[in-house]
Amino acid sequence: MMSTSTSWADSAGADNPAPAAASSGNDRASGSSSSSAPRPTRSSYVPPHLRNRPPSSAPASADAPSARPGPGGPTSGSRWGRPSRDFGRGGGRGSGGGWNNRIGGWDRGRDREVNPFEIEDDPELAVSGEQENAGINFDAYEDIPVETSGENVPPPVNTFAEIDLGAALNENIRRCKYVKPTPIQRHAIPISLAGRDLMACAQTGSGKTAAFCFPIISGIMKGQVSQRQRGARTVYPLALILSPTRELSCQIHEESRKFAYQTGVRVVVAYGGAPIHHQMRELERGVDILVATPGRLVDLFERAKVSLQMIKYLALDEADRMLDMGFEPQIRKIVEQMDMPPRGVRQTVLFSATFPKEIQRLASDFLANYIFLAVGRVGSSTDLIVQRVEFVHDSDKRSHLMDLLHAQKANGANGKQALTLVFVETKKGADSLEYWLCSNGFPATTIHGDRSQQEREHALRSFKSGIAPILVATDVAARGLDIPHVAHVVNFDIPNDIDDYVHRIGRTGRAGKTGLATAFFNESNSSLARSLADLMKESNQEVPAWLARYAARSSYGGKNRRSGGGRFGGRDFRRDASISRGGSGANGYGDSRGYNIGAYGGGHGPAMTSAWD
DNA sequence: AAAAAAT
């Protein structure tokens with residue numbers, strides 16, 4: 001390899017021979033070709049149908065991100081470095097008084113329980129973004145805007161110690177190096193522990209998964225151990241966590257396994273595109289918490305493999321996505337037409353970063369006397385993300401992207417390529433752009449719904465590890481995925497929904513780090529101009545004059561208006577319903593007195609009022 | 001119109 005200042009992008013032109021990384025511009029090349037002779041990368045492109053090969057077993061090369069000093073100071077360094085393991089394999093699983101120690105639960109399984117913290121130490125096996133909280137600037141929490149509404153909202157806590165989560169869970173919190181609860185955790189955990197239903201708006205990366213997992217795990221530990229038959233045909237999970245993509249379900253599973261380690265609470269994941277029989281065997285070994293995508297869950301239910309009769313906790317991650325047009329019938333079937341206990345009997349929590357009013361109305365069907373909670377983000381929302389919008393005709397997008405990718409290296413990522421996530425509108429467009437990037441010497445890969453699950457997971461791994469530092473993605477990657485070190489999100493095609501834009505750019509600037517988001521705007525996006533300009537204003541971004549003109553020209557209707565006003569999630573639709581309709585939602589609503597607007601002021605000016613008709 | 005989610 002040449003000097004560290006010679007990044008892969010240097011070789012994208014014709015002048016230099018391709019350095020190692022450049023020749024690994026696609027999945028197949030991910031490991032084996034990293035030391036291949038320099039040659040034009042054009043020839044290294046492998047068409048999609050030939051890419052479905054198992055990842056190479058080549059050891060982590062010098063390209064592995066562990067060598068990366070990390071521009072963000074000591075906190076970012078700890079992400080890549082091997083975390084010091086200050087706990088032993090058999091770490092205490094103390095069971096305090098009043099705690100059901102669940103002996104006799106899944107004992108046999110526990111003997112074999114893999115230590116998820118050790119797995120994560122292996123960079124080859126590490127899948128999820130670890131130590132989500134470790135790099136967060138907790139000082140910024142003091143200014144976080146919080147909005148709650150509903151009856152008798154339990155007060156927030158300031159420390160994990162204030163909550164009786166149980167010794168085993170506390171130990172895992174320590175292992176995760178979570179020092180203090182994040183804002184969403186401070187508010188949502190007491191609400192959940194009080195048994196209340198919850199609709200929560202909080203940006204991903206702010207500790208959302210833990211916020212809904214801790215109370216579930218704790219509740220199961222405290223609860224009665226029902227005698228369940230290992231190996232029985234039908235299994236009866238106590239908790240169900242649904243998410244809209246397979247990769248997100250995987251990520252939630254990985255994370256919740258850490259939280260549940262040695263608690264005796266078993267977490268199993270089930271999603272499509274992977275062999276169902278393996279998942280069924282895992283279920284037969286016992287399951288307390290089932291993490292699933294909707295389709296596979298329905299399949300397992302129809303095979304009488306899973307019953308929801310014992311469900312005490314239901315969590316929907318990315319809940320607004322789960323309840324939008326495409327998903328809603330499936331979710332309704334699972335929640336209302338299978339054998340799950342009704343709302344009010346089970347406990348239901350919904351989480352997302354965005355919550356359009358009309359979706360809130362739908363969601364209230366699944367909730368009983370719920371609390372609405374909106375928590376802003378560390379570093380006041382998306383201020384951490386520098387948003388740029390550039391006017392680019394469709395025909396110029398590729399060359400413009402190339403310019404950005406070249407410029408990226410000048411941004412100086414300490415000799416390591418920063419990760420760039422490029423969103424496009426269609427699966428075909430994703431394949432085609434990836435092909436073009438690879439053909440031009442850019443090490444790219446792609447993830448979308450037309451690829452096999454193996455290919456999808458491999459693409460994600462290649463991206464995370466830096467083997468393919470450019471990922472071309474459809475909206476399958478827009479939500480929830482925690483990919484550390486995404487420096488740049490490019491909206492090559494601008495999404496049609498402003499909420500999708502919010503989720504997409506949220507893949508960068510995570511955990512207190514800064515990020516850059518660039519969108520390619522042209523006439524075909526004019527319907528989004530107004531909401532885009534408003535969003536940028538709300539997050540203190542400079543709005544180009546030409547975009548402001550588009551915004552002024554366009555009407556502000558349809559689904560493109562901001563769902564919440566303000567800079568985060570949204571606000572309780574029941575407040576508006578009670579004003580304009582003088583009535584409550586379907587199942588009781590809080591009066592305005594529970595409403596606490598915190599530091600959240602002036603978020604929506606007079607112009608926003610019309611969005612709340 | 002598109003993406004996602006079961007086989």
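The sequence lines fix the lettering, A, B, ..., with proteins before strands; numbering per chain opens at 1.
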Look at [X] and [N] and indicate whether a side-chain polar atom (N or O) is within less than 4.0 Å of OP1 or OP2.
X: A/Thr474; N: B/dA4; result: yes
X: A/Arg246; N: B/dA6; result: yes
X: A/Lys428; N: B/dA2; result: no

For a quick check of understanding: with a heavy-atom distance under 4.0 Å over all strands, which category does [X] fall into, base, sugar-phosphate or nothing?
X: A/Gly449; result: sugar-phosphate
X: A/Asp299; result: base
X: A/Arg456; result: sugar-phosphate
X: A/Arg321; result: base

* A/Glu390: what forms a side-chain hydrogen bond (donor to acceptor under 3.5 Å, both in side chains) with it, not counting sequence neighbours? -> A/His400

* Quick one: list whatever passes side-chain hydrogen bond (donor to acceptor under 3.5 Å, both in side chains) with A/Ser192, sequence neighbours left out. =>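 By the side-chain hydrogen bond (donor to acceptor under 3.5 Å, both in side chains) rule, A/Ser192 matches no residue at all.
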
* Would you find a donor on one side and an acceptor on the other, under 3.5 Å apart, between the side chain of A/Gln309 and the backbone of A/Tyr236? ->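 Pair absent, no side-chain N/O of A/Gln309 close to backbone of A/Tyr236.
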
Closest nucleotide among [options] to the [X] side chain:
X: A/Gln330; options: B/dA4, B/dA3, B/dA5; result: B/dA5
X: A/Thr293; options: B/dA2, B/dA4, B/dA6; result: B/dA6
X: A/Tyr271; options: B/dA5, B/dA6, B/dA1; result: B/dA6

Nearest-angstrom distance from the residue atom [atom1] of [X] to [atom2] of [N]:
X: A/Leu323; N: B/dA4; atom1: CG; atom2: C1'; result: 14 Å
X: A/Asp450; N: B/dA2; atom1: CG; atom2: P; result: 12 Å
X: A/Asp499; N: B/dA2; atom1: CG; atom2: P; result: 21 Å
X: A/Ile276; N: B/dA6; atom1: CD1; atom2: P; result: 10 Å
X: A/Asp324; N: B/dA2; atom1: CG; atom2: P; result: 16 Å
X: A/Lys427; N: B/dA1; atom1: NZ; atom2: P; result: 15 Å
X: A/Asp497; N: B/dA4; atom1: CG; atom2: P; result: 16 Å
X: A/Arg504; N: B/dA3; atom1: CZ; atom2: P; result: 11 Å

* Side chain of A/Asp475, base of B/dA2: donor and acceptor closer than 3.5 Å? ->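 No, the side chain and the base share no sub-3.5 Å donor-acceptor pair.
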
* Could you tell me the separation between the CE atom of A/Met338 and the NZ atom of A/Lys333, rounded to the nearest 0.5 Å? =>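 So the gap between those two atoms works out to 7.0 Å.
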
* Asked: How about A/Phe214 and A/Phe259: are their ring centres within less than 6.0 Å of each other?
  ->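 That pair passes the under 6.0 Å test.
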
